[in-house]
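Report on one structure; see the data block that follows.
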Amino acid sequence: MPRPCRESYGDQKPPYSYISLTAMAIWSSPDKMLPLADIYRFISDRFPYYRRNTQRWQNSLRHNLSFNDCFVKIPRRPDRPGKGAYWTLHPAALDMFENGSLLRRRKRFKLLKSDKDRLENELAALANLNR
DNA sequence: GTCTAATTCAAAT
DNA sequence: ATTTGAATTAGAC
């Protein structure tokens, strides 16, 4: 994952996958985590192409967040109120795009079930503390 | 042309 | 808003 790109592709579809765009958005934020609405905003601000067909690509984006283990949902802290949870990148997925292409990774990032279960337990515990 | 990641539609939660 | 699945599209080799 390289720099938060500033170049514009006009109304043409930018050469990035939703995974890449989402990673850029999260990467660009000070805390390296963003709520869904801010991810949407990052993408549509930079790429005019994504100011249309919002229902389609936003649904696809959401599908990616849930489906790919590289995105981790962090419960909101009570002192930072708002709507959805925060999304961040799994530490082990930071080099996800080590290979050149931002369109397609060589392999999908998947956690071992044991690691995934452990992570989910930790996050559940965190959610309890915040309540 | 094969392999499989990415996208889309969409139901269920 | 989030998770899941089936079907389809498409990038890398």
Side-chain angles (χ1 to χ4, degrees):
Chain A
M1 243 300 299
R3 71 287 175 223
C5 54
R6 170 120 281 149
E7 67 262 51
S8 170
Y9 293 87
D11 289 330
Q12 291 311 299
K13 182 171 183 163
Y16 306 110
S17 63
Y18 294 129
I19 315 280
S20 306
L21 292 168
T22 304
M24 285 178 204
I26 292 173
W27 202 245
S28 77
S29 72
D31 298 329
K32 304 286 180 273
M33 61 171 66
L34 286 178
L36 185 60
D38 288 346
I39 298 174
Y40 291 158
R41 178 148 17 82
F42 175 93
I43 294 173
S44 55
D45 275 359
R46 278 195 173 55
F47 306 103
Y49 176 83
Y50 292 111
R51 312 227 251 245
R52 290 166 191 272
N53 301 315
T54 52
Q55 177 167 304
R56 181 189 304 156
W57 70 263
Q58 292 183 353
N59 184 20
S60 297
L61 194 321
R62 273 181 249 120
H63 185 279
N64 280 305
L65 288 172
S66 292
F67 182 72
N68 288 99
D69 289 346
C70 50
F71 299 115
V72 180
K73 189 179 60 174
I74 305 290
R76 218 175 243 281
R77 302 211 34 203
D79 53 302
R80 281 203 285 183
K83 281 150 287 185
Y86 276 86
W87 289 96
T88 189
L89 290 165
H90 191 286
L94 295 182
D95 59 348
M96 204 164 40
F97 295 106
E98 243 178 4
N99 59 104
S101 180
L102 292 173
L103 284 177
R104 186 185 157 123
R105 294 112 99 213
R106 268 199 230 307
K107 311 196 73 140
R108 207 165 242 149
F109 178 80
K110 278 294 176 192
L111 253 31
L112 263 27
K113 189 182 163 298
S114 55
D115 289 338
K116 189 170 180 176
D117 287 348
R118 202 168 39 65
L119 180 57
E120 275 166 13
N121 286 337
E122 288 166 8
L123 290 169
L126 182 55
N128 282 333
L129 285 181
N130 291 341
R131 178 166 7 115

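Numbers restart at 1 for each chain; the letters A, B, ... are given by sequence-line order, proteins then strands. Quick caveat, the model's predicted, so the values are computed rather than measured.
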For A:Lys83, answer base if it contacts any base atom (sugar-phosphate contacts may also be present), sugar-phosphate if it contacts only those atoms, and nothing otherwise; contact means non-hydrogen atoms under 4.0 Å. nothing
Presence of A:Ser101 side-chain N/O under 4.0 Å of C:dG11 phosphate oxygens OP1/OP2: no
Hey, can you pull the residues of residues 110-120 of chain A with a non-hydrogen atom under 4.0 angstrom from DNA chain C? none
Rounded distance (Å) that lies between atom P of C:dA12 and atom NZ of A:Lys107: 17 Å
Say you draw a straight line from CG of A:Leu36 to NZ of A:Lys83; how long is it, rounded to the nearest 0.5 Å? 10.5 Å
What I'd like to find out is whether the side chain of A:Leu65 reaches to under 4.5 Å of the side chain of A:Lys73, using heavy atoms alone. no
Nucleotide N/O of nucleotides 1-4 of chain B paired with protein N/O under 3.5 Å:
residue	atom	partner	partner atom	Å
B:dT4	O4'	A:Arg104	NH2	3.4
B:dT4	O2	A:Arg104	NH1	2.9
B:dT4	O2	A:Arg104	NH2	3.0

Who are the ring-ring contact (aromatic ring centres under 6.0 Å, His included) partners of A:Phe71, not counting sequence neighbours? none
Answer yes or no: are there more than 12 heavy-atom neighbours, outside A:Glu122 itself, under 6.0 Å from its atom CD? yes
Whole-Å distance between B:dA5 P and A:Leu102 CG? 17 Å
What is the separation between atom CZ on A:Phe109 and atom C1' on B:dA6, rounded to the nearest whole Å? 17 Å
Same cluster for A:Ile74 and A:Phe109 if Ile/Leu/Val/Met/Phe/Trp/Tyr side chains link at under 4.5 Å? yes
With a 4.5 Å cut-off on side-chain heavy atoms, are A:Tyr50 and A:Phe42 touching? no
Taken in chain and number order and not counting sequence neighbours, the residues that satisfy side-chain hydrogen bond (donor to acceptor under 3.5 Å, both in side chains) with A:Gln12 are none
Within the 4.5 Å heavy-atom criterion, are A:Tyr86 and A:Asp31 side-chain neighbours or not? no
Whole angstrom is fine here: how far is it from CG in A:Asp69 over to P in B:dA6? 13 Å
A:Trp87 vs C:dA1: side-chain N/O to OP1/OP2 distance below 4.0 Å: no
Of the residues in residues 57-68 of chain A, which ones touch DNA chain B at a heavy-atom distance under 4.0 Å? A:Asn59, A:Ser60, A:His63, A:Asn64
I'd like to check the ring-ring contact (aromatic ring centres under 6.0 Å, His included) partners of A:Trp87; sequence neighbours left out, ordered by chain and number. none
Over how many whole Å does the gap from A:Ile19 atom CD1 to C:dG11 atom P extend? 15 Å
Taking atom types as modelled, is there a side-chain donor on A:Arg62 or A:Tyr18 under 3.5 Å from an acceptor on the other? no
What is the distance, to the nearest angstrom, from the CZ atom on A:Arg76 to the C1' atom on C:dT2? 15 Å
Atom CZ of A:Arg105 and atom C1' of C:dA10: how far apart are they, to the nearest Å? 15 Å
Applying side chain to side chain contact (heavy atoms under 4.5 Å, CB included) between A:Ile19 and each of A:Asn68, A:Leu102, A:Leu61, report the one that passes. A:Asn68
Just how far, in rounded Å, is C1' of C:dT9 from CG of A:Leu103? 13 Å
With a 4.0 Å cutoff (strictly under), does any side-chain N or O of A:Tyr18 reach OP1 or OP2 of B:dT8? yes
Please tell me if the side chains of A:Leu123 and A:Val72 come closer than 4.5 Å, counting only heavy atoms from C-beta onward. yes
